[in-house]
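Here is the structure we will look at.
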Amino acid sequence: MRTRLAIFIMMLLSATLGAQAQKRIKVIDITVQMPKVGADIIDEDAKVTAIKTDVFGSKNMLGDDKIGDAGVGFFEYDTTGKPVVPAADAKFEAGRDYQMVVSVTNFTDVLFNYKNDKEFTADNTTLKVTVNGEPANIITASGRPLQCELRVTMGGKRNPYLANTKVSAADGEHSGYGYVDLGLPSGTKWATCNVGAAKPEAYGDFYGYGETKTKKEFWEKNFEGYGSSLYNNSKRLGSYAEEDNLYSVSTSMEHKLKPEYDAARQSMGGEWSLPTRMQHKELVENTSAKFIIVNGVKGTLYTSLKNGKSIFVPYAGHKIGGVVHDRGTVAVYLTANSHRSTEMYAYVWGSAYHTGKKGEAAIFSMYGHGADEDNTGYPTYQGYSVRAVFGGKEVSDDKVSGKGSKKGSKKGDSSEDKGIMGKAKGLLKKGKSLFDKL
């Protein structure tokens, strides 16, 4: 009799404890230590410090033998409100909104004890999640990591130059073409429009490197610019050195086109010219760049950190043969510089914006070839956009270094996948990996 009573009591206790262990959790409250303004977004100091629930009361479920892994990630918002993977050197700005994503890896096992229950579900209708007391939207849950997101605003007042989304009107004209003075240290002025365009958002014309006239198709066989000796040698040049001396002068940035082979100078006159690698670098270092849409055209807005003025650079793509590639997603602009290895390679600059797959953050990226960057470049015979500059003193490291032209020493790679789109794909993978880590 006593044995039967003991068994009955044990069964009753077991049922009671089991019911208590699987009691439905309705609220999870997550506390995050927020980063400070100026901190790196990618290497931020934010971390989850506590996880509490309505069932477990004030008990912190974060720690050894509990929830051992919880992470925090941040994304910027572009001007359309879409989350964007931040650049590697991006920092938190005062007064700016960010998407914060909090991930808890083993929450189902610890909080719900439903490790083997494949039917268990948790979403915004069955579970309430708050982060620092603010409602968060559940992205994924139930047997996968609990992932939730919310919009947060950094403290302080935002710099109006960083917040700018307007394209500046021309400050004046040079040789009949508008320019904007961005207050750059060298005094360089940037054109308001591409060569061949009448307004900032117009794509304009394409040019091969060293060619001064646009054309319908860009092939190796019809290329007349710098590097054509390798393909058709229409000018009957006897050596690469002869071609180098014909087209260029030598600088520490390697070859630089002479004015008679500069598409900007020959199209616009005056002192207009293709920007050099260092002039592009100066632009990037003294402006805030962001993706915007102007009259339905996608591109990058460069806003001066010196005076708040801006220029818009549309994603015109680039042309191979008679086909325009990557229009609306990539900007590929010529510089005046190039180098020779086994072939001639033009140095380009620009930016790109890729939305990625549904549910993934967008990728905004910029690229160029400053003094400290790689030496590959892009095939000179393809068609690229041109945005001209004029005035100012020569930027350091871009001055003519002597007569003739020096040879490039590193081997380039003309494959499209290892060029602009290859870099963009790499950034897309980087963005996806950020989500995977959360």
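Side chains included, hydrogens not; waters and symmetry mates left out as well; all remaining heavy atoms used. Quick caveat: nothing in here was measured; it's all calculated off a predicted structure.
Tyr302 and Phe312 have their aromatic ring centers separated by at least 6.0 angstrom. Taking the centre of each ring, Tyr345 and Tyr378 stay at or above the 6.0 Å mark. Between Phe92 and Tyr98, the ring center distance clears the sub-6.0 Å criterion.
In this structure, the separation between CD1 on Ile311 and OG1 on Thr300 is 10.0 Å, given to the nearest 0.5 Å. One finds the CD atom of Glu76 at 14.0 Å from the NZ atom of Lys82 (value rounded to the nearest 0.5 Å). Within the model, atoms OH of Tyr384 and CG of Asn194 stand 15.5 Å from one another, a figure rounded to the nearest 0.5 Å. In this structure, CE in Met278 is found 11.5 Å from OG1 in Thr335, a value given to the nearest 0.5 Å. Interatomic distance, OG1 of Thr287 versus CD of Glu282, reported as 10.0 Å (0.5 Å rounding). Atom OH of residue Tyr333 and atom OG of residue Ser385 lie 4.5 Å apart, to the nearest 0.5 angstrom.
Ring geometry for Phe206 versus Phe218: interplanar angle over 60°, hence perpendicular rather than tilted (30 to 60°).
Minimum heavy-atom separation, Leu334 to Ala346: CD2-CB, 4.0 Å. Contact record, Pro259 with Gln266: O-NE2, 2.9 Å, taken as the closest heavy-atom pair. Residue Ser338 comes nearest to Glu254 through the heavy atom pair O-CB, 3.4 Å, listed as atom of the first residue, atom of the second, then distance. For the pair Tyr179 and His174, the tightest heavy-atom approach, listed with the atom from each and the gap, is CD2-N, 3.9 Å. The two atoms that bring Val131 and Ala136 nearest to each other are CG2-CB, 3.9 Å, heavy atoms only. Of all heavy-atom pairs spanning Thr380 and Gly227, the tightest one is OG1-CA, 4.3 Å.
For the pair Ile30 and Val129, the minimum side-chain heavy-atom distance is below 4.5 Å. Two residues are said to be in side-chain contact when any heavy atoms from C-beta on lie closer than 4.5 Å; Lys235 and Leu246 meet this criterion. Side chains of Val72 and Val101 form no contact here, defined as non-hydrogen atoms less than 4.5 Å apart. For the pair Val389/Ser273, a side-chain contact is recorded, criterion being any heavy-atom separation below 4.5 Å from C-beta on. Side-chain contact between Tyr177 and Thr192 is absent, with no heavy-atom pair separated by less than 4.5 Å. Between Val84 and Ile363, the closest side-chain pair of non-hydrogen atoms is not below 4.5 Å. Side-chain contact between Tyr226 and Leu257: present, with at least one pair of heavy atoms (C-beta onward) separated by less than 4.5 Å.
Asn337 places no side-chain N or O within donor-acceptor distance of the main-chain N or O of Thr276, the cut-off being under 3.5 Å. In this structure a side-chain-to-backbone donor-acceptor pair under 3.5 Å is missing from Gln147 to Ile139. Panel note: side chain Asn232, backbone Phe223; a donor-acceptor pair is recorded below 3.5 Å. A donor-acceptor pair under 3.5 Å is formed between the side chain of Asp262 and the backbone N or O of Arg265. Side chain of Lys290 to main chain of Leu162: a donor-acceptor pair is present (N/O by atom type, distance under 3.5 Å, no hydrogens or angles). Formation of a donor-acceptor pair under 3.5 Å by the Ser103 side chain with backbone atoms of Gly71 is not found in this model. Here the side chain of Thr126 pairs a donor or acceptor atom with the backbone of Asp123 at under 3.5 angstrom. Put simply, the side chain of Lys298 never gets that close to the backbone of Gly296: no donor and acceptor are under 3.5 Å apart. A donor-acceptor contact shorter than 3.5 Å links the side chain of Tyr247 to the backbone of Gly225. When atom types are taken as modelled, the side chain of Gln99 and the backbone of Phe74 share no donor-acceptor pair closer than 3.5 angstrom.
Ion pair Asp181/Lys309 not flagged as a salt bridge, since none of the NZ, NE, NH1 or NH2 atoms sits closer than 4.0 Å to an Asp/Glu carboxylate oxygen.
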Verdict with supporting geometry, Phe364 and His354, ring pair (Phe, Tyr, Trp, His ring centres under 6.0 Å)
CA-CA 7 Å; Phe364 171 70; His354 295 271; over 10 Å; no

Please evaluate residues Leu301 and Val167 with respect to the criterion side-chain contact (heavy atoms from CB on, under 4.5 Å), reporting the C-alpha separation (whole Å), side-chain torsions for both, the decisive distance (0.1 Å), and the verdict.
CA-CA 7 Å; Leu301 182 73; Val167 183; 3.9 Å; yes

Walk me through whether Thr130 and Asn132 qualify under side-chain contact (heavy atoms from CB on, under 4.5 Å).
CA-CA 6 Å; Thr130 63; Asn132 290 352; over 6 Å; no

Candidate pair Asn137 and Asn124, rule side-chain contact (heavy atoms from CB on, under 4.5 Å), full reasoning:
CA-CA 7 Å; Asn137 175 56; Asn124 288 296; 2.8 Å; yes

Please assess Asp78 against Thr80 for the test side-chain contact (heavy atoms from CB on, under 4.5 Å), listing each intermediate value before the final yes or no.
CA-CA 5 Å; Asp78 66 20; Thr80 68; 2.6 Å; yes

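Annotation for Lys199: atom NZ does not count as buried by contact number, only 12 or fewer foreign heavy atoms lying within 6.0 Å. With a 6.0 Å radius and a threshold of 12 heavy atoms from other residues, nucleotides or ligands, Lys47 has its NZ atom at or below the threshold. Around atom NZ of Lys128, no more than 12 heavy atoms belonging to other residues, nucleotides or ligands sit under 6.0 Å away.
Donor-acceptor pairing under 3.5 Å is recorded for the side chains of Glu243 and Ser229. With 3.5 Å as the limit, one finds no donor-acceptor pair spanning the side chains of Thr303 and Ser310. Defined by atom type and a distance below 3.5 Å, a donor-acceptor pair is present between the side-chain atoms of His318 and Asp326.
Partner Asp244 forms a salt bridge (charged side-chain N to carboxylate O under 4.0 Å, His left out) with one of Lys258, Lys256, Arg340 and no other, that one being Arg340. Trp349 pairs in a side-chain contact (heavy atoms from CB on, under 4.5 Å) with only one of the listed residues (Gln279, Met366, His280, Arg277), which is His280.
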